[in-house]
2 protein chains.
Amino acid sequence: MKNPIENLNKIFDSRIRLGIMSALMVNDEVNFNDLKELIQVTDGNLASHLKTLEENAYVDVKKGFIGRKTNTTYAVTKAGEKAFKAHLQALEEMIKGMG
Amino acid sequence: MKNPIENLNKIFDSRIRLGIMSALMVNDEVNFNDLKELIQVTDGNLASHLKTLEENAYVDVKKGFIGRKTNTTYAVTKAGEKAFKAHLQALEEMIKGMG
DNA sequence: TATTATTACTTTGAATTACAAAGTACTTCT
DNA sequence: AGAAGTACTTTGTAATTCAAAGTAATAATA
């Protein structure tokens, strides 16, 4: 038997970061408030998890406008997509290893 | 879009507890040292994560012997199996939600 | 024009969690 | 007798997580 968790990415241990990534994998971009609504976190908390993802270059920020209102949207980077897919792969292997 | 993480079990956010559960799902029972080897944790750390799982009634302890040596083995409970399967289900739904 | 609201944060502080290391009790092997 | 193994518990620290409050900029409302 081999270590079932060695290929899991520590960044994605956090359910909130998992949720963010999974939302960003589906949609080309998602704005701050929609993410907040979706994942049910406080804005401060969301901002700090997004920051962690940004620091790891898994997520990009795009500051824009809807009409005249500020609208910050987030999107996964290539690296983020790759890392997340690898994590899912590791999860699948862990589950498969369970026959 | 619905919250992708609401059905994830918080107990299984921890990679180590995930690893323990996944090892116990495959094998009817696994002893302390094999788990330690497999998951690569210190014994104190392993013991405390096992305790968390025991407290949640996801895991049972069986104290026995191999010859004359003490041998403590761990096994998933019915409840643990159910909870873990539900968690995996939630993960799968999260991934599937990603098309 | 004043004020209230909204967006997207940052900062602060507290609580929780995780971890390694050391200590313990019991047994077994040499 | 002494060393080693098993399965812990305890201790202390570090890291993580979180809510709440504060902030700055703009926009909507009265």
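We name chains A, B, ... by the order of the sequence lines, and we start the count at 1 in each one.
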Distance below 4.0 Å between [X] side-chain N/O and [N] OP1 or OP2:
X	N	answer
B:R15	C:dA18	no
B:T42	C:dC19	no
B:K63	D:dC8	yes
A:T72	C:dC9	yes

Between [atom2] of [N] and [atom1] of [X], the distance in whole Å:
X	N	atom1	atom2	result
A:Q40	D:dC18	CD	C1'	15 Å
B:L18	C:dT17	CG	P	16 Å
B:I16	D:dT16	CD1	P	13 Å
A:K62	C:dA8	NZ	P	15 Å
A:L50	C:dC9	CG	P	8 Å
B:F32	C:dT27	CZ	P	18 Å
B:H49	C:dC19	NE2	C1'	8 Å
B:E55	C:dT16	CD	P	14 Å

Sidechain-backbone polar pair: [X] side chain, [Y] backbone, donor-acceptor under 3.5 Å:
X	Y	result
B:N3	A:L38	yes
A:R15	B:L8	yes
A:H87	A:N9	yes

Once you apply a heavy-atom cut-off of 4.0 Å, does [X] come out as touching a base, just sugar-phosphate, or nothing?
X	result
B:S14	sugar-phosphate
A:F65	nothing
B:N71	sugar-phosphate
A:L46	nothing

Inset, instruction - Return the nearest nucleotide to the side chain of A:R17; candidates are D:dT17, C:dC9, C:dA18. - result: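 So the nucleotide nearest the side chain must be D:dT17.
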Inset, instruction - For A:E37, look at atom CD and say whether over 12 heavy atoms of other residues, nucleotides or ligands are found less than 6.0 Å away. - result: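 Incorrect, the count does not exceed 12.
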Legend entry - Upstream residue (5' side of DNA chain D) when B:N45 and B:N33 are each assigned their closest nucleotide: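 Upstream on the strand: B:N33.
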Inset, instruction - Using heavy atoms to find the nearest nucleotide of DNA chain C for A:D43 and B:D13 separately, return the residue whose nucleotide is more 5′. - result: A:D43
Legend entry - Inter-residue atom distance B:N31.CG - B:K36.NZ, 0.5 Å rounding: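 Interatomic distance, B:N31 CG to B:K36 NZ, rounded to 0.5 Å: 10.5 Å.
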